[in-house]
Amino acid sequence: MEYKFNEIEKKWQDKWNADKVYKVSNESDKPKFYVLDMFPYPSGAGLHVGHPLGYIASDIYARYKRLKGFNVLHPMGFDSFGLPAEQYALETGQHPAETTKKNIATFKSQLDKIGFCYDWDREIQTSNPDYYKWTQKIFLELFNSYFCNTQKKARPIADLVKKYETKGSDKFTAEQWNAYSKKEQEDILMNRRLAFSKYGEVNWCEALGTVLANDEVVNGVSERGGHPVVKKKMRQWYLRITSYADRLLEGLETVDFSESMKEMQRNWIGRSEGAEMDFAIKVTTDNRPPTTEGQPSSVVHRPLSLRVYTTRPDTIFGVDFMVVAPEHELVNEIKSPEQATAVDEYVAYVKSRSDVDRMAEKKITGCFTGAFAVNPFDGKEIPIYISEYVLAGYGTGAIMAVPCGDERDFKFAQHFDIPITNIIGDFYNGEEANPTKEATLQNSGFLNGLLMKDAISVAVSKIEEMGIGIKKVNYKMRDAGFSRQRYWGEPFPIVWKDEMAIPLNENDLPLELPHVDKYGPGKEGEGPLGNLEDWVNTPEGRRETSTMPGYAGSSWYFLRYMDPKNAETFCDKKASDYWNQVDVYIGGTEHAVGHLLYSRMWTKVLYDLGYISFDEPFKKLVNQGMITGKSYFFMLDHIYGNKIVTYTKPTELSAFIRFKYGHQFVDNNGKLTRKNYESFQSIYGGVEEQISWENDTEGEFIFVKEESEKMSKSKFNVDNPDDLVLKYGADTFRMYEMFLGPVEQSKPWDTKGIEGVHRFLRKLWRLFFDDIKGKGWTDAKGTDAELKVLHKTIKKIDGDTANFSYNTAVSAFMVCVNELGELKCHKKEILEKVLIILAPYAPHIAEELWHALENKGTILDAAYPAVEEKYLIESSKEYPVSINGKMRTTINMALDLSPEEAEKIVLANEVVQKWLEGKAPKKVIYVKNKMVNVVI
RNA sequence: ACUCGGGUGGUGGAACUGGUAGACACGCAGGACUUAAAAUCCUGUUCGCAGUAAUGCGAGUGACGGUUCAAUUCCGUUCCCGAGUACCA
């Protein structure tokens, strides 16, 4: 009987759908398990073979856990708000809602063909008002909360108001607060809200007409499209994620993420411990406006000071100059008349440089301000410079420069001929800075003789004691920009009146996204919504016209799956208490610092506010590697005459013309033939470079090299999963993607091996239908040999599946079927169990054969077979011994060795021990003369 | 530059807490069945040398060195590739 995978798969997919076998209930006696995929953005291109990798991996896990007796939540949905749909709308005029709907339908049909066990009743779409109603609601929660610095958690802003009204704060008294105008109070509160609005410098992308988050800007250009990005001041929404910096760091200790993922998040948060300290400034002229007495000061009258941030207070005596960011407010106040023009010119120069310029050429620039700071410990006068290498946004925007210990400071000192003080003796060679902490300090006043790493805390204590500074922690991470001047996103439930943000009443949610006809930007950098006068102007005030960023909806979606239909709340506490954390979360590394940090923060806020009872969303994270496409580079020999060019070094190739092709046009010998080239042309049309074949020759391209690149249509290296499913079936496709290599590893896509997996499934099929007549199996008991194969396999597969080691699991299936085939095993008892452990990987064929064995119901509800260890016990334990000729032994008799051999034997420690206990080896097995296995 | 991964046959990749390196698959070569093809099955396949042959000898997990009876695995140095970050004081 033939293995008609297409029929079988269709049959079972329909049946499973009709019977709703994947429906999951929130009530069950079974333990729960939550397996989640990072939901996709439904792009117009549909799925390519890279997408399903993670989905297959999670699907296998979900099915495996179900067979193991868990109530498994394994949902799927769509992150359907986002820029590409809007970009497409701009170009074609099609409404994003339309294209999104179409794309989702495509995605779903593609996913269904692969046979995933999603409970589609729980599907969510972030662009659906029923969903974003709750995104808006959570936004309001963020808006109405503040981070309490003593309790280190989010609390309702009402608590803060109460405190201000009764006790005031360290900045104002209760009386003062109560006397403030509404606007003044709101401004103060805005500085504490977790979702807040402020004027800030944002990354403005003219071409996209929108503001981008820091992580959407790569090397000074937009991640999407590569358009230039400049700084612009605008009113923006932000999330106060910096308040959670420490908890986000601490939380990493409690979750099972890969070390590299944790490291990436740590780097992004960028915590550093140091000290902030003030240096008195000595100026020749005080440029500040006249004092109230109307007397401009010519010498230092009022104390001016410069606050710097440093992680190395131990190097305080090595400070040779100060550097202040050009944007620093103090610059104008301290520049001397002689230096004023130079300073102004330099500031103008820095302003003219875009981020791109700064990235491109990092040259040493700067300018002396004419002012001096005073070292509080030795009174030394230190010149103050400005330079663009000091960033206004980090620390205090000013540094103390220690050229003997810091490479950048060193170069700067060299460039401006600033004398360098050496405080680390021989550790500094005069050629380059040495950032060590191991040196013993010299020329360092009260720190002399101390090891630098010990001196840090000593210096900090002294600084604090003198009242000129404090210990301080800084983070690289900034508050996350939360508004976009775009259309296709969640509208903010906010109206503005008299420069005050007024939240919408919760009962008025969702604030639905109104229909627009044009997707172009509104005036003055507003989004398209700014053009809708009717919508924007309400009796309560003017609506916020920006929309939320892509990560808004994805920051909490894992909660909605638990209770997707709830109209009362975003997720009932009972549901979130039952399902709790996502046990396994599978997705790509590209979200390391975006989505994963934001969703972790939202979870912590919702936890603080008592909506859920866990503060980390994902217990375990598995990062699937990217499937890359292979591109092949060829060269046509004819171009350089008839000479066959031979290549020695790849670098020489650049002199020649190269061509790039999808791998499907290369034959097994790695050659691109004319025929393949022509079929390529007929499918894709013109390529970058046209090739002219010699008229009468069947010319050949010489293979030059191959490269793995990200899959994309423009690189002609995309394979569509539908085609493969049609040709080989979903089961083969699933197993093949897993067989390619470890899930977490990036690997090039190549269909060459898919035949092998397909052959395996056909072999399995034959085990049931071809080898014997009739029903194909017997009720007889399995033999020991058969049972040994079975239990060996169960043990291996069970372990591999639990560890996501799917590629070795697939291999184990192949070995198992080969061995059972050799044993001509047709025992129901055995085959049934093989099918159950196979079911997560190849559900369709497993179900079909399950019924062929006259089983009722569905294999999905079978029980995972237990390993019976008794079939696995080896007859005796073998201990290795090796020969090296060093040690004399007296075991030649027992071991039955020649005296020469015996002389060379050294026993492994364990064997020696047994030997001493009087247990002589029973048998010795020779292995390649090098090693001997001793049976005790 | 820094941080984190990773270097194993022609290819994708195996190898448990150190214990016969190369499982499984692709590819390739040869064979069986067939009028033929497809499909299927069998055999061989790390490299080098020797032999008609079963086989034997030597080398071998990026390179060099170390620990060990024994190293792909542990330690040190170094080279290469991939990912992330990028003037963060």
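Being a predicted model, the structure only gives us computed values, none of them experimental. Just so it is clear: chains get the letters A, B, ... in the order the sequence lines come, proteins before strands, and each one is counted from 1.
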Would you indicate what Asp409(A) reaches in the nucleic acid, counting non-hydrogen atoms under 4.0 angstrom: base, sugar-phosphate, or nothing? nothing

Looking across every strand, which nucleic acid part, if any, lies under 4.0 Å from Arg266(A) by heavy atom: base, sugar-phosphate, or nothing? nothing

Fit a plane to each ring of Phe813(A) and Phe760(A), take the angle between them on a 0 to 90° scale, and name the class: parallel (under 30°), tilted (30 to 60°) or perpendicular (over 60°). tilted

Quick one: Lys411(A) NZ to rA89(B) P, roughly how many Å, whole number? 17 Å

So Ser811(A), base contact, sugar-phosphate only, or nothing? Heavy-atom distance under 4.0 Å. base

Euclidean distance for P, rA54(B) against rG66(B) (whole angstrom): 38 Å

With a 3.5 Å cut-off and no angle check, do the side chains of Ser805(A) and Thr808(A) form a donor-acceptor pair? yes

When you compare rU40(B) with rA63(B), how far apart are their C1' atoms, in angstrom units rounded to a whole number? 47 Å

By nearest atom, which of the nucleotides rG12(B), rA89(B), rU85(B) is closest to the Ile399(A) side chain? rA89(B)

Taking only the P atom of each, what is the distance from rA50(B) to rG65(B) in whole angstrom? 28 Å

For rG9(B), is chi within 90° of 0 (syn) or not (anti)? syn

If we ignore angles and hydrogens, is there a donor and acceptor under 3.5 Å between the side chains of Ser272(A) and Tyr475(A)? no

By nearest atom, which of the nucleotides rA14(B), rA89(B), rG12(B) is closest to the Thr808(A) side chain? rA14(B)

Toward the 5' end of RNA chain B, by each residue's nearest nucleotide, Glu263(A) or Pro742(A): Glu263(A)

Rounding to an integer number of angstrom, what distance separates rA71(B) and rG84(B) when you compare their P atoms? 38 Å

Pick the nucleotide of RNA chain B nearest each of Ala398(A) and Glu822(A); which residue has the one closer to the 5' end? Glu822(A)

Identify the nucleotide, in any strand shown, that forms a Watson-Crick or G-U wobble pair with rU61(B), with both distances under 3.5 Å; if there is none, say none. none

With both distances under 3.5 angstrom, what nucleotide forms a Watson-Crick or G-U wobble pair with rG82(B)? rC4(B)

Does either side chain, that of Tyr389(A) or that of Asp409(A), offer a donor lying less than 3.5 Å from an acceptor on the other one? yes

With rounding to the closest Å, how many angstrom separate the P atoms on rA70(B) and rG18(B)? 16 Å

Trp268(A) has its side chain closest, among rG13(B), rU40(B), rA86(B), to rA86(B)

In whole angstrom, what separates Lys262(A)'s NZ from rU85(B)'s C1'? 20 Å

Select base, sugar-phosphate, or nothing to describe what Gln745(A) touches, counting heavy atoms under 4.0 Å on all strands. sugar-phosphate

How is Asn807(A) classified with respect to the nucleic acid when contacts are heavy atoms under 4.0 Å: base, sugar-phosphate, or nothing? sugar-phosphate

